[in-house]
Each structure stands twice: as structure tokens, then as C-alpha cells.
Amino acid sequence: MYVGFVGLGVMGQPMALNLARAGTPLVVWNRTKARCEPLRAVGAEVAASPAGVFDRAGVVILMLAGETAIDAVLGRGTPEFAGRVAGHTVLHTGTTSPEYSAALEADIRAAGGRYAEAPVSGSRVPAEQGQLVAMLAGDEASVETVRPLVALMCRETFDCGPVPGALLMKLAVNLFLITLVTGLTEAFHFADRHGLGQRRFLDVLEAGPMASPVFRMKAPKLLDRDFAVQASAEDVLMNNRLIAEAARKAGLASPVLDVCHSLFDETVEQGHGAQDMVAVLRALEARTDGTRTHGARSERM
């Protein structure tokens, strides 16, 4: 039986490639057709539409940017939805609100399908290396169906109970990631503007207890002002919003996250949303230099 994979973006393409290289018979689809070519080159079939994926595959993995894209691929809200998902297991590996995932599970089960969520922690490079960490939730049968596939894409998998436990766990992990990278970037900016030497500052961190895989991935990008995307500022802003919404619904304070929210909002407003999350440095520099971009105009603060 074929496995389907829909969504071959920054994360989805390397995840699908790891499945294909492990010998998984794949049928894939992506809205931008050129993203399918590396999969075709390693033997995957390329479907003409999302419906073509469901026609061939018993399990369909979704790595899509947002709820609207997922609904469109599934035909949710249309007469095609039930026929598309019935008899299939749908695995949602992206990041959406927990409420959306729970409602999607209910709809898929009502239509005769199965559903699990497995959001992953990591960016493009860990995805390429098969070093992602997965959080897996769903009913027992769905989880056991998808577990071997998740293992081919991820270094480690953690069971998180029923849906939407995995997405809540992912939001907690991302809260730490966002505040960690923003803190590193602000510290880098502080050291730089005090003339302490960018490389010397990073060397001090590297030698001490605050060095980590995330630090070692982001520090060279800050040093080289390399904003090529691993995890985009726009995606971070979306995650920030999801975490803030979940915190508010639970009556939780999130003051550090709220500051990051403002900074990433400014980063995206300034036109850097498609760049890596360390482009939050640009928002910090704009604040320091007394300028912020509001829509299309720049003004003195």
C-alpha cells in the first residue's frame, strides 16, 4: 500500500525524502509542482491532485501551512470530504490550534476515517538529517498505524495521549524555542552594540553551560547575518499567536512570549517574514536605531 505525503515545503520535502529513501512507496502532491521533483527523482509517484493521493494511499501524511490549506486538501466542508477520508488514516504533522485538530479528528472519524497528530520539533536541517522529535497523539489504532512512518522521519517519538495532546506539547516546546532564540539574538545585539566583538561573545557562550544544539545552529547565522530560512519569522509569528491564544484560553500569563510576539510582528511588518527567525535581529536594530516600520511607512520613534 502506498503512503501519501501532501505538503513539500521547507519541512515536508526532507521528511518525505527520508521516507522514500527508506524504501517507503510514496505518492506525493504539492501545490508548487517543482517541489515534487526531488521526490520523483528518488522513485516517488507524483499525483495530479490531492484526490489522487487519497486514491492511491491508505495513510496520508499532511505537512501543510495552516488550517485553510488542510481543509482544502481534505475537501472539508464539501461533499468530497467523506469519500476522500473514509477508510484512510490521516496524519497531521504541522502546527495548528489544538481546537482545530480536535475538531478535525471528530470530522474524520465521523466520515469513517482515522486520525492522528504528530507535530515535530526541529527545523529544516534536523528534518534533512532525520533528527526531528515527534509528539504523537490519537487513538491507539491510529497511533500504531503511523508510528513506524514517524520513526523513519524522526529521531525520537513521545506519546502524548489523545488528540490534541501532541499539539499542546508542541506549543509548549515552541514557547521555549521562541523565547530562547529571541533571547540569544537580543544578547548578541547587546554585545555587538557595546563593541565586545561578535565572535568573542559567541565563543564565550560556546564555552559555557548555555551552549546547545539550537545555539550552535543559530550563532553562525547571527555572526554572518545569514537569514536564509530554517524556520521563518512568519512561521514563528504564527506559532506565537497560537501559543498566546492557548495561554489566554487557559487563563495563563505569558509575559516573555508577549514581548517576543511584538518583536516578530515588527520583523514581519518590516518585510522579513520569509527570512529565518534570527531576522528578529532586524526588529531589535530598528528599535535601537529609533525606527520601526508600520505598514508601508517608516517613522522616527
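As the structure is a computational prediction, the values presented were derived from the model and not from experiment.
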I'd like to know whether F188 forms a side chain to side chain contact (heavy atoms under 4.5 Å, CB included) with L284, so could you lay out the CA-CA distance, the side-chain angles of the two residues, the decisive distance to 0.1 Å, and finally the verdict.
CA-CA 10 Å; F188 178 86; L284 290 164; over 6 Å; no
Check step by step if side chain to side chain donor-acceptor pair (under 3.5 Å) holds for H189 and T185.
CA-CA 6 Å; H189 179 60; T185 305; over 6 Å; no
When you measure from the side chain of E128 to the backbone N and O of N18, does any donor-acceptor pair fall under 3.5 Å?
no
Under the 3.5 angstrom rule, does the side chain of Q275 hit a backbone N or O of F227 as a donor-acceptor pair?
no
About how many Å separate OG of S232 and CZ of R124, when rounded to the nearest 0.5 Å?
12.0 Å
Walk me through whether V236 and V280 qualify under side chain to side chain contact (heavy atoms under 4.5 Å, CB included).
CA-CA 10 Å; V236 170; V280 72; over 6 Å; no
Minimum-distance pair of heavy atoms, taken over all atoms of Y100 and D71
OH-OD1, 2.6 Å
Got P98 and K170 here, is their nearest side-chain heavy-atom distance under 4.5 Å?
no
Under 3.5 Å, is there a donor-acceptor pair between the side chain of T179 and the main chain of L175?
yes
Roughly how far apart are L196 CG and F201 CZ, rounded to 0.5 Å?
8.5 Å
How long is the straight-line distance from CG of L263 back to CE of M277, given to the nearest 0.5 Å?
11.5 Å
Which of these passes side-chain contact (heavy atoms from CB on, under 4.5 Å) with L62: L104, V53, I70?
I70
Let me see the working for M11 and T93 under side chain to side chain contact (heavy atoms under 4.5 Å, CB included), right down to the final yes or no.
CA-CA 10 Å; M11 296 291 290; T93 64; over 6 Å; no
Sub-4.5 Å side-chain heavy-atom contact between D265 and R241
yes
Shared ILVMFWY cluster between V73 and L19, side chains joined below 4.5 angstrom?
no
When rounded to the nearest 0.5 angstrom, what is the spacing between CD in E156 and OG in S121?
11.5 Å
Would you compute the distance between atom CZ of R31 and atom SG of C36 and round it to the nearest 0.5 angstrom?
12.0 Å
So, does H194 use its side chain to make a donor-acceptor pair with the main chain of F190 at under 3.5 Å?
yes
Heavy-atom neighbours of E186 CD exceed 12 at 6.0 Å
no
Might you work through the salt bridge (charged side-chain N to carboxylate O under 4.0 Å, His left out) test for E266 and R282, ending with a clear yes or no?
CA-CA 9 Å; E266 291 167 27; R282 297 184 185 274; over 6 Å; no
Under a 4.0 Å threshold between the charged nitrogen and the carboxylate oxygen, would D258 count as salt-bridged to R248?
yes
Just so I know, are the side chains of V133 and V120 near enough to count as touching, which here means a heavy-atom distance under 4.5 Å?
no
A47 and W29 have their tightest heavy-atom pair at O-CD1, 3.3 Å
Aromatic plane relationship, F54 with H88 - under 30° parallel, 30 to 60° tilted, over 60° perpendicular:
perpendicular
Verify same cluster id: V6, L8 (apolar side-chain graph, 4.5 Å)
no
Any side-chain heavy atom of D235 sitting closer than 4.5 Å to one from L237?
no
Work out which heavy atom in G94 is nearest to a heavy atom in P119; give both atom names and the distance.
O-CB, 3.6 Å
Go through E45 and R40 one step at a time and tell me if the salt bridge (charged side-chain N to carboxylate O under 4.0 Å, His left out) criterion holds.
CA-CA 6 Å; E45 293 192 16; R40 193 195 303 273; over 6 Å; no
Is there a path of hydrophobic side-chain contacts, each under 4.5 Å between heavy atoms of I, L, V, M, F, W or Y residues, that connects M210 with L202?
yes
T78 side chain to E80 main-chain N or O, any donor-acceptor pair under 3.5 Å?
yes
Looking at CD of E245 and OG of S254, how far apart are the two atoms once the value is rounded to the nearest 0.5 Å?
11.0 Å
Linking I/L/V/M/F/W/Y whenever their side-chain heavy atoms sit closer than 4.5 Å, directly or via other members, would V60 and M63 fall into one cluster?
no
Kindly indicate whether the side chain of Y115, heavy atoms from C-beta on, has any atom under 4.5 Å from the side chain of T89.
no
May I ask you to decide whether R114 forms a salt bridge with E105, counting only side-chain N to carboxylate O separations under 4.0 Å?
no
Taking side chain as C-beta onward, heavy atoms only, is E285 less than 4.5 Å from R193?
yes
Is a donor on one side and an acceptor on the other found under 3.5 Å between the side chain of T32 and the backbone of R35?
no
Tell me if a side-chain donor or acceptor on N30 pairs with a main-chain N or O of K33 at a distance below 3.5 Å.
no
How close do R147 and L136 get, heavy atom to heavy atom, and via which atoms?
NH1-CD2, 4.1 Å
For a 4.5 angstrom cut-off between non-hydrogen side-chain atoms, does M15 reach F5?
yes
Taking all atoms of both residues into account, what is the closest heavy-atom pair of L39 and A20, and its distance?
CD1-CB, 4.4 Å
Above 12 or not: heavy atoms from other molecules or residues under 6.0 Å from CD of E234?
no
Check the hydrophobic clustering (I, L, V, M, F, W, Y; side-chain heavy atoms under 4.5 Å; chains of links allowed) and say if I243 and V181 are grouped together.
yes
In terms of heavy-atom contacts, V125 and M217 come closest through CB-CE, 4.2 Å
Does D159 reach the main-chain N or O of G161 with its side chain, forming a donor-acceptor pair under 3.5 Å?
no
Before you tell me yes or no, could you show the steps for E117 and M135 under side chain to side chain contact (heavy atoms under 4.5 Å, CB included), namely the whole-Å CA-CA distance, both residues' side-chain angles and the distance that decides it to 0.1 Å?
CA-CA 8 Å; E117 57 182 27; M135 292 141 278; over 6 Å; no
Find out whether E206 and R216 are in side-chain contact, i.e. whether some heavy atom of one side chain is under 4.5 Å from a heavy atom of the other.
yes
